Each structure stands twice: as C-alpha cells, then as structure tokens.
Amino acid sequence: MRLLIMGPPGAGKGTHAKLLCKEYNIVHISTGDMFRTAIKLGTAEGMIAKQFIDKGNLVPDDIVIGIVREKIQENECNNGFLLDGFPRNIEQAKSLDIILDECGVKIDAVLNLQVSDDILIKRISGRRVCSKCGETYHVVNHPPKVEGICDVCGGNLVQRKDDTEETIKTRLKIYNKQTKPLLKYYEKQNLLKNLNGVEDINLLFNNIKKLLGGMND
Ligand code: AP5
Ligand code: MG
Ligand code: ZN
C-alpha cells in the first residue's frame with residue numbers, strides 16, 4: 001500500500017502515520033522527522049533546513065525532493081510507504097509523480113485530515129515529543145503515563161522549536177497558500193479521501209482502516 005497523509009500543521013498526520021505504518025507494515029516517510037534527525041546529527045543538509053524550519057518556512061524544493069527520491073528508491077519501501085508532510089506544493093507534487101513513474105508504482109489514496117484552526121493551535125501548543133525516540137504526546141489529549149517522560153523509551157519530553165505561537169501562524173499561512181491547493185490536484189485524480197480529523201485518535205484510526213479495507217475489496 002502506498003499512501004499520502006495530508007492536513008495542516010497539527011492535524012494529526014504524524015500520529016496516524018505511525019499507527020497506519022505499524023498496521024500495514026509500510027515505511028513512514030516524514031520529511032519533517034527526517035529534517036529533525038538531520039538537525040540533531042548536525043549534517044550539512046540539516047543545518048540548511050534548520051534556518052527554514054525554525055521560522056516556519058518551507059525548506060527549498062531541491063533538498064526535499066532529493067531526500068524523498070532517495071528514500072522511496074530504498075528496498076525497504078518495496079512493500080509500501082506512507083508519505084507524511086510531502087508533497088507540500090505543486091512543484092513537489094509533480095516531482096513525486098515523476099519519482100513514482102520511475103519506480104513503476106502508484107499512490108493508492110490521499111488521506112486528508114480536516115481540522116479547524118482553533119483546534120490546531122491547541123494541539124500544537126500542547127504537543128510534547130520525546131527527545132530520544134520522537135514519539136508524540138499531548139498534555140491533555142494524549143498524555144504520557146508519567147508527566148514529561150516518554151512511555152516508550154523513558155526519554156525526556158520536549159516542545160518542538162517550531163511550535164511557538166508566531167511560527168504556527170506562518171506555518172498555517174504557508175499551508176493555506178501552497179499546500180491546500182494540492183487537495184484539488186489529488187481530487188482530480190480520484191485519490192482524495194477527506195476525513196474528520198477532530199475525532200478521537202482511536203475512532204479516526206478505525207475509520208481510516210475501514211476506508212482502506214474497503215478499497216481492497
Ligand atoms: P512537519 O514536521 O511535517 O510539520 P507540520 O506539517 O507542521 O505538521 P506537524 O508535525 O506539526 O503536525 P501533525 O499533523 O504531524 O500532527 P501530530 O500528529 O503531531 O514539518 C515541519 C517543518 O519541516 C515545516 O514547517 C517545514 O519547514 C519543513 N518541511 C517538512 N516537510 C517539508 C516539505 N515537504 N517541503 C518543505 N519543507 C518541509 O499531532 C499534533 C498534536 O495533536 C499531538 O500532540 C497529538 O498528540 C495531538 N493529536 C493528534 N491527533 C489527535 C486527535 N485526533 N485528537 C486529539 N489530539 C490529537
Ligand atoms: Mg508531524
Ligand atoms: Zn521516547
């Protein structure tokens with residue numbers, strides 16, 4: 001299975017991507033996570049990306065497209081993958097079509113998580129991530145068993161550097177201007193599946209599974 005998960009910042013893309021990849025045994029390709037790892041490792045690409053990410057701006061297309069192309073071509077992606085946070089503009093969407101063509105594969109569905117701005121802001125400001133393994137929590141909606149500590153690995157929970165009020169506004173603006181128009185692009189290709197991203201995490205996960213199960217019938 002090959003999927004895209006789309007939606008504004010804080011919509012729950014990462015949360016559901018992790019659940020879906022485990023369920024279907026496919027590879028989670030999150031460009032945001034890849035950049036955060038590169039920043040942590042201090043690579044040259046990471047250092048360039050950091051300048052854009054910290055301000056809430058998009059990383060230049062040539063860098064993003066390069067890392068996605070490399071990843072999709074890896075053998076571990078043969079069984080399928082889920083792209084989270086890519087494509088984010090029309091240029092990236094067209095490049096993805098070319099990459100998929102080169103690999104002789106197609107996207108099965110584009111999952112679009114719909115959430116209103118007021119809820120997004122609450123989600124992003126309450127988000128905490130594990131500094132060790134990247135697992136995501138929310139202080140109210142999805143708290144860890146012990147405050148500030150990751151359930152999975154015991155690492156410390158921190159706030160993402162781009163989760164400030166000011167940066168969130170920029171990220172939402174860019175989403176509306178550059179990324180949202182892609183929904184039409186995928187609707188025209190009959191791939192778009194709109195989902196109510198406000199639902200409880202487990203309920204929404206079950207709805208997505210039902211939807212994807214139905215597609216294989
Ligand atoms: P990226 O990491 O992709 O960030 P984003 O798109 O802003 O999305 P988020 O990760 O903030 O939100 P999410 O939808 O994953 O929500 P989550 O599941 O965490 O990108 C970061 C930056 O990298 C970009 O700004 C850009 O600079 C750069 N970048 C990345 N890709 C790029 C590209 N292709 N081109 C150029 N630049 C790129 O959930 C949020 C919170 O809500 C959590 O606390 C969670 O626990 C909670 N939650 C989730 N679902 C629910 C629910 N159903 N009910 C209640 N709470 C919920
Ligand atoms: Mg995410
Ligand atoms: Zn952890």
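Throughout, residue positions are numbered sequentially from 1 according to the sequence presented. When a ligand or atom number is given, it counts from 1 through the structure's own listing order. All figures in this text were calculated on a predicted structure; none of them were measured in a lab.
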Who gets closest to [atom] by heavy atom: [options]?
atom: atom 6 (O) of ligand 1; options: Lys55, Arg171, Arg88, Met34; value: Arg88
atom: atom 31 (N) of ligand 1; options: Leu203, Thr31, Asp162; value: Thr31
atom: atom 39 (O) of ligand 1; options: Thr15, Val140, Leu83; value: Thr15
atom: atom 13 (P) of ligand 1; options: Met6, Gln178, Lys13; value: Lys13

Ligand 1 and [X], any nitrogen or oxygen pair closer than 3.5 angstrom?
X: Arg160; result: yes
X: Pro9; result: no
X: Glu199; result: yes
X: Gly12; result: yes
X: Gly126; result: no
X: Pro87; result: no

Determine, for [X] against [Y], whether the closest basic-nitrogen to carboxylate-oxygen distance falls under 4.0 angstrom.
X: Glu166; Y: Lys55; value: no
X: Arg171; Y: Asp163; value: yes
X: Glu74; Y: Lys71; value: yes
X: Asp97; Y: Lys94; value: no
X: Asp108; Y: Arg2; value: no
X: Lys18; Y: Glu135; value: no

Any atoms of ligand 1 less than 4.0 Å from a non-hydrogen atom of [X]? List them with their elements.
X: Gly14; result: 13 (P), 15 (O), 18 (O)
X: Ala11; result: 14 (O), 16 (O)
X: Val64; result: 33 (C), 34 (N), 35 (N), 36 (C)
X: Gln92; result: 33 (C), 34 (N), 35 (N), 36 (C)
X: Asn141; result: 55 (C), 56 (N)

At under 4.0 Å between heavy atoms, which part of [X] makes contact with ligand 1: side chain, backbone, both or neither?
X: Tyr137; value: backbone
X: Ile53; value: both
X: Asn57; value: backbone
X: Ile201; value: both

* Asked: Should we say atom CD of Glu70 is surrounded by more than 12 heavy atoms from elsewhere, each under 6.0 Å from it?
  -> no
* Just by modelled atom types, is the Asn156 backbone N or O under 3.5 Å from a matching donor or acceptor in the Ser131 side chain? -> yes
Do any heavy atoms of [X] fall under 4.0 Å from ligand 1?
X: Arg36; value: yes
X: Gly7; value: no
X: Gly197; value: yes

* Please calculate the SG(Cys150)-the Zn ion (ligand 3)-SG(Cys133) angle and round it to 10 degrees. => 110°
* To do: Look at the aromatic rings of His142 and Tyr137 and report parallel, tilted or perpendicular, splitting at 30° and 60°.
  =>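 His142 and Tyr137: parallel rings.
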* Asked: If we ignore angles and hydrogens, is there a donor and acceptor under 3.5 Å between the side chains of Asn207 and Glu199?
  ->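 There is such a pair (donor and acceptor under 3.5 Å, judged by atom type) between the side chains of Asn207 and Glu199.
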* **Residues Thr167 and Thr170: side-chain donor-acceptor under 3.5 angstrom** => no
* Check whether Ile98 and Ile67 end up in the same hydrophobic cluster, where Ile, Leu, Val, Met, Phe, Trp and Tyr are linked by side-chain heavy atoms less than 4.5 Å apart. => no
* Do you know the tightest heavy-atom contact between Ala93 and Leu182? ->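 Answer, listing the atom of Ala93 first, then Leu182: CB-CD2, 3.8 Å.
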* Taking the side chain as every heavy atom from C-beta outward, state whether Leu157 and Pro144 have any atom pair closer than 4.5 Å. =>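 Yes, at least one pair of side-chain atoms sits under 4.5 Å.
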